[in-house]
Amino acid sequence: MMAYFKRVDAKRMIIMVLGNIFLGMGISIFKLSGMGNDPFSGMVMALAEVSGIVYANFLILLNLVLFILQFTMGRRLIGAGTIVNAIFLGYIVTFFYNTFIHLFGEPQLFGQRLVVVIIGVVVCSFGVSLYQTSDVGVAPYDSLSLIMVKRIPKISYFWHRMFTDALCALICFLAGGIVGLGTLVCALALGPIIQFFDVNFTRKLLAKASTDSEHSITPS
């Protein structure tokens, strides 16, 4: 525990929090498009609708279940980012969705919805890049694929993630949720765009933050 707090500085924490804010904003933009969300968020929204539980509260309940698996089989993946994502992401999504609906309303034309989807995937990718690359804890759902890789190393992370996402998309569909163009865009575009932000922005930001931290503690 002490080693964790020695490795995690305030700047990494700020980057992680900003990542979750942008991620929540991106998920709300996808929802606004009415063309489907990422598989996990879409599943949670559909199940929340069926159960009659508010989305943000349902997400916390589901994350608690997934956290038990994470604590049991992937404890090394737990950190401050895990807690922030598990507890606050749903409320961030709800805040931005309500704000956007109030300001802009739902897009009506297909072209407008398509533009919203494109904006959503870029914002989501930026948020995921900040949140994951900060390396201060993994969300309970994201940890599943990493745990599966450790348990079944002969199968690559890509296929483990594809399996969990496909399962979420299936549950979303069966629960009456939207599995559409937005879902497809998430499946195909999130990875490459996250990689782009990782290489061209987030890693450079973290490297600069680390350099600034070293300078601040170096005696003159």
Side-chain angles (χ1 to χ4, degrees), residues 1-31 37-45 47-48 51 53-99 123-151 157 160-161 164-165 167-168 171 186 190 194 197-198 201-203 205-206 209-210 213:
M1 184 65 71
M2 290 300 296
Y4 172 81
F5 283 107
K6 286 180 180 178
R7 178 175 61 82
V8 176
D9 55 29
K11 291 179 180 179
R12 283 184 176 270
M13 293 288 288
I14 291 171
I15 291 171
M16 176 273 292
V17 171
L18 287 174
N20 275 284
I21 291 173
F22 276 103
L23 175 57
M25 184 190 301
I27 293 171
S28 72
I29 292 172
F30 268 117
K31 183 179 180 182
N37 218 305
D38 68 275
F40 179 68
S41 297
M43 179 192 72
V44 175
M45 291 173 187
L47 292 176
S51 66
I53 301 174
V54 174
Y55 161 73
N57 294 341
F58 188 91
L59 180 57
I60 291 176
L61 294 175
L62 180 57
N63 277 328
L64 285 174
V65 175
L66 296 176
F67 181 77
I68 295 172
L69 295 175
Q70 185 179 10
F71 185 81
T72 304
M73 296 182 285
R75 201 170 303 179
R76 63 185 178 82
L77 301 170
I78 297 173
T82 308
I83 307 303
V84 170
N85 184 279
I87 295 177
F88 297 108
L89 183 63
Y91 296 107
I92 295 171
V93 172
T94 302
F95 168 78
F96 279 113
Y97 179 76
N98 290 339
T99 300
V123 175
C124 263
S125 298
F126 182 62
V128 172
S129 177
L130 290 175
Y131 143 67
Q132 288 190 345
T133 311
S134 63
D135 193 25
V136 292
V138 177
Y141 174 70
D142 293 330
S143 73
L144 292 179
S145 309
L146 299 171
I147 291 169
M148 290 164 69
V149 168
K150 186 176 180 181
R151 297 276 173 164
Y157 170 81
H160 285 299
R161 183 69 189 218
T164 56
D165 282 351
L167 181 61
C168 287
I171 295 172
C186 279
L190 273 179
I194 290 169
F197 281 123
D198 282 350
F201 182 81
T202 308
R203 290 174 187 168
L205 178 64
L206 287 169
S210 298
S213 296

Please report the shortest heavy-atom distance between A86 and I60, naming the atom on each side. O-CG1, 3.7 Å
Smallest separation among heavy atoms of F96 and S28, with atom names: CB-OG, 3.3 Å
Is any side-chain heavy atom of I147 closer than 4.5 Å to one of L69? no
Do the side chains of Y141 and L59 get nearer than 4.5 Å, heavy atoms only? no
Contact summary for G26 and C124, nearest pair of heavy atoms: C-SG, 3.4 Å
Heavy-atom distance under 4.5 Å between the side chains of L89 and Y131, does that happen here? no
Hey, could you give me the CD1/CD1 distance between I83 and I78, rounded to the nearest 0.5 Å? 7.5 Å
T82 side-chain N/O to A139 backbone N/O, donor-acceptor pair under 3.5 Å: no
Taking side chain as C-beta onward, heavy atoms only, is D142 less than 4.5 Å from R161? yes
Would you compute the distance between atom CG of L146 and atom CZ of R76 and round it to the nearest 0.5 angstrom? 7.0 Å
Considering non-hydrogen atoms only, spot the tightest contact between I15 and S134 and give its length. CG2-CB, 4.1 Å
Tell me the closest heavy-atom pair linking R12 and T133, and the distance in Å. NH1-O, 3.8 Å
Can any side-chain N or O of Q132 pair as donor or acceptor with the backbone N or O of D198 at less than 3.5 Å? no
To the nearest 0.5 Å, tell me how far M25 CE sits from F95 CZ. 9.0 Å
Looking at S125, is its backbone amide N or carbonyl O close enough to the side chain of S129 to form a donor-acceptor pair, meaning the two atoms are under 3.5 Å apart? no
Using only atom types and a distance under 3.5 Å, with no angle test, would you say the side chain of S51 pairs donor to acceptor with the backbone of A48? yes
Apply side-chain contact (heavy atoms from CB on, under 4.5 Å) to residues Y91 and N57 and explain how you reach the verdict. CA-CA 8 Å; Y91 296 107; N57 294 341; 2.6 Å; yes
How long is the gap from CG on L144 to NE2 on H160, to the nearest 0.5 Å? 11.5 Å
Gap between atom OG1 of T202 and atom CG of L130 - 0.5 Å precision: 4.5 Å
What orientation do F126 and F201 show, parallel under 30°, tilted 30 to 60°, or perpendicular over 60°? tilted
Answer whether the closest heavy-atom distance between the side chains of L205 and F197 falls below 4.5 Å. no
Within this structure, what is the CE-SG distance for the pair M43 and C168, rounded to the nearest 0.5 Å? 4.0 Å
Decide yes or no for I27 and D38: does some side-chain heavy atom of the first lie under 4.5 Å from some side-chain heavy atom of the second? yes
Taking the side chain as C-beta and beyond, is there a heavy-atom pair between L23 and N85 under 4.5 Å? yes
Which atom pair, heavy atoms only, marks the closest approach of Y157 to V149? CA-CG2, 3.4 Å
Step through the shown structure and confirm whether more than 12 heavy atoms of other residues, nucleotides or ligands are within 6.0 Å of OH on Y97. yes
Residue F71 excluded, over 12 heavy atoms near CZ under 6.0 Å: no
Evaluate side-chain contact (heavy atoms from CB on, under 4.5 Å) for V93 paired with F30, printing each intermediate quantity in order. CA-CA 10 Å; V93 172; F30 268 117; over 6 Å; no
Is L190 close to V128 at the side-chain level, that is, under 4.5 Å between some pair of heavy atoms? no
Counting only heavy atoms not in R151 (residues, nucleotides, ligands), do more than 12 fall under 6.0 Å from its CZ? no
